[in-house]
Amino acid sequence: MSLDELREEIEGIDRDIVELIARRTYVADAVADVKADEGMATTDEAQEEAVMKRAGENAEAFDLDSNLVKAVFRLLIELNKIQQRENR
């Protein structure tokens, strides 16, 4: 593949990543709505730990640096928390 073709492929992957982040945010908002309806706290540290553990395991399965992947997931969790605060 040429450099331009590889860059086009990366561009498409980047779009897919943003779409997945949007989908994740939408589902996280739905989770927050259910928690609010049931009188539960928005933050669930045990669930956040489970997400981080799963992120690390998935990273290792794809031979990626688990610390870097976990850093991305920390940002995603923070993004969801900010979004939830703004929507309340």
Please report the interatomic distance [atom1]([X]) to [atom2]([Y]), rounded to the nearest 0.5 Å.
X   : Y   : atom1 : atom2 : value
I21 : D16 : CD1   : CG    : 11.0 Å
I10 : I17 : CD1   : CD1   : 9.5 Å
E49 : Q47 : CD    : CD    : 10.0 Å
T42 : D33 : OG1   : CG    : 10.0 Å
N58 : F73 : CG    : CZ    : 7.0 Å

Flag if over 12 foreign heavy atoms under 6.0 Å of CD, E45:
no

Shared hydrophobic cluster, [X] / [Y] (ILVMFWY, side-chain heavy atoms < 4.5 Å):
X   : Y   : answer
L76 : L68 : no
M1  : I13 : no
L20 : F62 : no

Can you tell whether the side chains of E48 and K81 come within less than 4.0 Å, N to carboxylate O?
yes

Between E19 and R15 (salt bridge meaning N to carboxylate O under 4.0 Å), is one present in this structure?
no

Closest heavy-atom pair, M52 versus I77, reported as atoms and distance to 0.1 Å, is SD-CD1, 4.0 Å

